[in-house]
Amino acid sequence: MSSIPDTSQPDWPCGRVGYVALLGRPNVGKSTFLNTVLGQHLAAVSALPQTTRRRFLGIYSEPQVQMLFLDAPGVHRPADELGQCMERAVLRVLTEADVVLCVADPTRAPGDEDGLVAARAAAATRAVVVLAVNKCDAATAEQILRTESFYREAIPAAVVHRVSALDRASLLPLLASITQALPEGPFLYDAEQVTDSFERDIGAELIREACLLHLRQEVPHALAVAIDEWADASRPVRIQATLHVERESQKGIVVGHAGTVIAAIRAAAQARLKVLCGGPVTLRLWVKVSPDWRERRGLLRDFRLQD
Ligand SMILES: Nc1nc2c(ncn2[C@@H]2O[C@H](COP(=O)(O)OP(=O)(O)OP(=O)(O)O)[C@@H](O)[C@H]2O)c(=O)[nH]1
Ligand SMILES: [Mg+2]
């Protein structure tokens with residue numbers, strides 16, 4: 001999905017252009033927001049916290065606007081080496097940001113992690129801070145006010161918008177505010193480009209999303225996906241991936257009785273990959289025990305979770 005832009009072209013577009021970092025607690029709807037803005041399901045989304053594990057660039061272009069959204073892991077207190085990598089990813093996107101878009105979920109009372117989010121946003125002095133109070137479709141007026149007053153106190157300069165990431169129309173005033181806050185300049189990417197990620201990396205995240213849909217308790221957090229083969233020149237596109245878990249008992253859960261769980265994961269992932277690849281896909285999945293992978297830097301690098 002990457003290409004090198006030829007910015008020397010005389011008709012190369014200019015306008016409001018800049019980086020927008022998505023900052024928020026886990027599970028507030030950052031990746032959902034990005035997918036809705038892009039009109040494509042590229043970022044993994046789930047009902048479980050800590051779905052996003054690494055930086056993801058989503059490029060949204062209009063005739064004279066290019067917003068470079070940086071989706072990032074949710075802000076939380078790291079418990080292991082993977083958590084540290086995720087925290088570094090958050091800090092990195094903040095250094096790149098022209099705008100920090102804080103996303104908050106009013107259906108849960110503001111807590112410790114919201115405090116961290118607000119402190120990080122307040123510390124990003126180079127950037128304009130905008131607050132999206134998300135999930136307004138599911139929150140009461142009281143809950144929305146509680147969240148707004150918490151964030152207004154911590155970041156008084158932030159422009160506040162009430163939105164639902166599930167409803168694109170509700171995002172338009174917010175996108176207009178972000179546009180106004182961006183600097184002027186030439187587009188940094190071709191207007192047709194939607195991300196700088198490789199298709200296989202997006203694919204790995206979508207396979208993990210399918211796993212999160214079908215797994216519960218500690219297993220989703222103990223699972224990582226590595227792509228072993230991505231043959232996109234063949235038709236159907238041939239993809240093989242290994243699902244790494246930490247313990248033998250988790251392997252049994254992922255496979256399920258008579259292979260029913262892994263079959264359901266495979267079907268859900270294949271449907272997503274078909275859309276991503278724009279045609280039929282054959283997906284083969286393997287499950288492997290990689291003890292303590294969340295603490296092992298070599299494996300974190302292999303799984304592309306460490307910079
Ligand atoms: N009702 C409602 N649900 C939403 C909205 N936005 C997101 N969700 C749901 O909230 C859950 C979390 O969404 P994600 O987009 O994965 O959240 P995230 O902030 O990226 O989470 P992490 O990657 O874990 O930091 C999913 O079940 C979404 O469907 C919204 O506006 N309204
Ligand atoms: Mg996410």
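Both ligands and their constituent atoms are indexed starting at 1 by order of listing.
Of all the atoms in ligand 1, the ones that sit under 4.0 Å from a non-hydrogen atom of Ala47 are 27 (O). Taking every heavy atom of Gly74 and a limit of under 4.0 angstrom, the matching atoms of ligand 1 come to 25 (O). Close approach to Ser46 involves these atoms of ligand 1, each under 4.0 Å from a residue heavy atom: 11 (C), 12 (C), 13 (O), 16 (O), 26 (C), 27 (O). Remark: ligand 1 atoms within the under-4.0 Å shell around heavy atoms of Ser31 are 15 (O), 20 (O). Atoms of ligand 1 found under 4.0 Å from any heavy atom of Gln50, numbered from 1 in the order shown, are 24 (O). Applying the 4.0 Å criterion to heavy atoms of Pro49 picks out, from ligand 1, the atoms 24 (O). Below 4.0 Å from some heavy atom of Asp137 lie the following atoms of ligand 1, by number and element: 1 (N), 2 (C), 30 (C), 31 (O), 32 (N).
Looking at Arg53, Lys135, Glu209, it is Lys135 that brings a heavy atom closest to atom 9 (C) of ligand 1. Counting heavy atoms only, Val45 comes closest to atom 29 (O) of ligand 1 of the residues Val45, Asp71, Asp105, Thr107.
At distances below 3.5 Å, at least one donor-acceptor pair connects side-chain atoms of Arg146 with backbone N or O atoms of Pro106. One N or O on the side chain of Asn35 and one on the backbone of Ala43 form a donor-acceptor pair closer than 3.5 Å.
Of all protein heavy atoms, the one closest to atom 7 (C) of ligand 1 is Thr32 OG1, 3.4 Å. What sits closest to atom 31 (O) of ligand 1 on the protein, heavy atoms only, is Ala165 N, 2.9 Å. Scanning the protein heavy atoms around atom 17 (O) of ligand 1, the nearest turns out to be Gly29 N, 3.0 Å. Among protein heavy atoms, the minimum distance from atom 25 (O) of ligand 1 is reached at Lys30 NZ, 2.8 Å. In this structure, atom 3 (N) of ligand 1 lies nearest to the protein heavy atom Leu166 CD1, 3.8 Å.
Neither the backbone nor the side chain of Cys136 has a heavy atom within less than 4.0 Å of ligand 1. Within the 4.0 Å heavy-atom criterion, both parts of Thr52, backbone and side chain, lie near ligand 1. With a 4.0 Å cut-off on non-hydrogen atoms, Asp167 does not touch ligand 1 at all.
Between Phe33 and Phe69, the angle of the ring planes goes over 60°, which puts this pair in the perpendicular group of the 30/60° scheme.
The shortest N/O to N/O separation between Asn27 and ligand 1 falls below 3.5 Å. Not a single N or O atom of Pro26, backbone or side chain, sits closer than 3.5 Å to an N or O atom of ligand 1. Polar contact with ligand 1: absent for Ala138 (N/O pair, distance under 3.5 Å). Inclusion of Ala72 in the set of residues having an N or O under 3.5 Å from an N or O of ligand 1 is not warranted.
For CD of Gln64, the number of neighbouring non-hydrogen atoms (other residues, nucleotides, ligands) closer than 6.0 Å is 12 at most.
At least one N, O or S atom of Thr52, from either the backbone or the side chain, sits less than 2.8 Å from the Mg ion (ligand 2). Not one N, O or S atom of Thr51 sits under 2.8 Å from the Mg ion (ligand 2).
Tested against Glu81, the residues Arg294, Arg296, Arg297 include a single salt bridge (Lys or Arg N to Asp or Glu O under 4.0 Å) partner, Arg297.
Side chain to side chain, Ser164 and Ser170 fail the donor-acceptor criterion of an N or O pair below 3.5 Å.
Contact annotation: the side chain of Leu48 approaches that of Arg216 to within less than 4.5 Å [non-hydrogen atoms, C-beta and beyond]. Side-chain contact between Arg16 and Gln180: absent, with no pair of heavy atoms (C-beta onward) separated by less than 4.5 Å. Between Val133 and Leu131, some side-chain heavy-atom pair lies under the 4.5 Å cut-off. Between Leu42 and Leu276, the closest side-chain pair of non-hydrogen atoms falls below 4.5 Å. Contact annotation: the side chain of Thr51 never approaches that of Ser31 to less than 4.5 Å [non-hydrogen atoms, C-beta and beyond].
Look at Arg304 and Glu205 and you find no salt bridge, because none of the NZ, NE, NH1 or NH2 atoms lies under 4.0 Å from a carboxylate O. Using a cutoff of 4.0 Å between basic side-chain nitrogens and carboxylate oxygens, Arg284 and Glu229 are not scored as salt-bridged.
Assignment of Gly24 to the shell around ligand 1 is not supported, since no heavy atom sits closer than 4.0 Å.
When all heavy atoms of Asn134 and Ala165 are compared, the pair lying nearest together is OD1-N, 2.8 Å.
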